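Notes for the one structure printed next.
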Amino acid sequence: MSTDKKRVQFRAPDRLIDRADALAAVLGEDRTDVLVTALREYLQDAAHDDALTQEIAAAYYDDEISYEQLKALVGAEEAANLRVLKQQLDEDFIDEVADA
């Protein structure tokens, strides 16, 4: 895991932050640790959700996200599979096959 960090700022409902603070106190951690853990687990779960994976793939096929972003979301193996499929679906590829 990378040790590089990026500072982010966001607004969240008071009740949600209060719950994060309470959990941090119970665990002896700070709010940031709790939020980073929650985000990490959410993203890991999302990568295994078939419906969300299809949305991610569609975003990649439509060039809304890069290959590196795709790989970060679904893992290297799945990203490689989706890249091959995108290449197969590419109209230029289809035209080349049709002309052959």
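Please read all numbers here as calculations on a predicted model, not as lab measurements.
Residues Ala46 and Thr53 share a closest heavy-atom pair of O-OG1, 4.2 Å. Summarising the geometry of Ala76 relative to Lys71, their closest heavy-atom pair is CA-CG, 3.6 Å, with the distance given to 0.1 Å. Here the shortest heavy-atom pairing between Ala79 and Val74 reads N-CG2, 3.7 Å.
Grouping the Ile, Leu, Val, Met, Phe, Trp and Tyr side chains by contacts below 4.5 angstrom, directly or via other members, places Leu52 with Tyr61. When hydrophobic clusters are built by joining Ile, Leu, Val, Met, Phe, Trp and Tyr residues whose side-chain heavy atoms come closer than 4.5 Å, directly or via intermediates, Leu89 is grouped together with Ile56. Leu43 and Val8 end up in different hydrophobic clusters when Ile, Leu, Val, Met, Phe, Trp and Tyr side chains are linked at under 4.5 Å. Taken together through direct or relayed side-chain contacts under 4.5 Å among Ile, Leu, Val, Met, Phe, Trp and Tyr, Leu27 and Leu35 form parts of separate hydrophobic clusters.
Residue Gln44 holds its CD atom at 9.0 Å from CZ of Arg40, rounded to the nearest 0.5 Å. Between the CZ atom in Arg7 and the OG1 atom in Thr32 there is a gap of 8.5 Å [rounded to 0.5 Å]. Between the CG atom in Asp18 and the CG atom in Leu23 there is a gap of 12.5 Å [rounded to 0.5 Å]. Atom CD of Glu55 is separated from atom CG of Asp49 by 8.5 Å, given to the nearest 0.5 angstrom. The distance from atom CZ of Phe10 to atom CD1 of Ile17, rounded to the nearest 0.5 Å, is 5.0 Å.
Counting heavy atoms from C-beta outward, Lys86 and Asp63 have side chains that approach closer than 4.5 Å.
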Derivation of the side-chain contact (heavy atoms from CB on, under 4.5 Å) call for Leu82 and Glu78: CA-CA 6 Å; Leu82 293 171; Glu78 181 69 15; 4.0 Å; yes

From CA spacing to verdict: side-chain contact (heavy atoms from CB on, under 4.5 Å), Asp45, Tyr42: CA-CA 5 Å; Asp45 290 346; Tyr42 175 82; 5.9 Å; no

Between Arg83 and Tyr60, does the side-chain contact (heavy atoms from CB on, under 4.5 Å) criterion hold? Intermediate values first, please. CA-CA 9 Å; Arg83 179 168 52 185; Tyr60 174 63; 3.5 Å; yes

Begin with the C-alpha distance, continue with both residues' side-chain angles, and end with the deciding distance and a verdict on side-chain contact (heavy atoms from CB on, under 4.5 Å) for Ile65 and Leu73. CA-CA 10 Å; Ile65 62 172; Leu73 290 169; 4.3 Å; yes

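Asp62 places no side-chain N or O within donor-acceptor distance of the main-chain N or O of Glu64, the cut-off being under 3.5 Å.
Applying the 6.0 Å contact sphere to CG of Asp14 captures no more than 12 heavy atoms from other residues, nucleotides or ligands.
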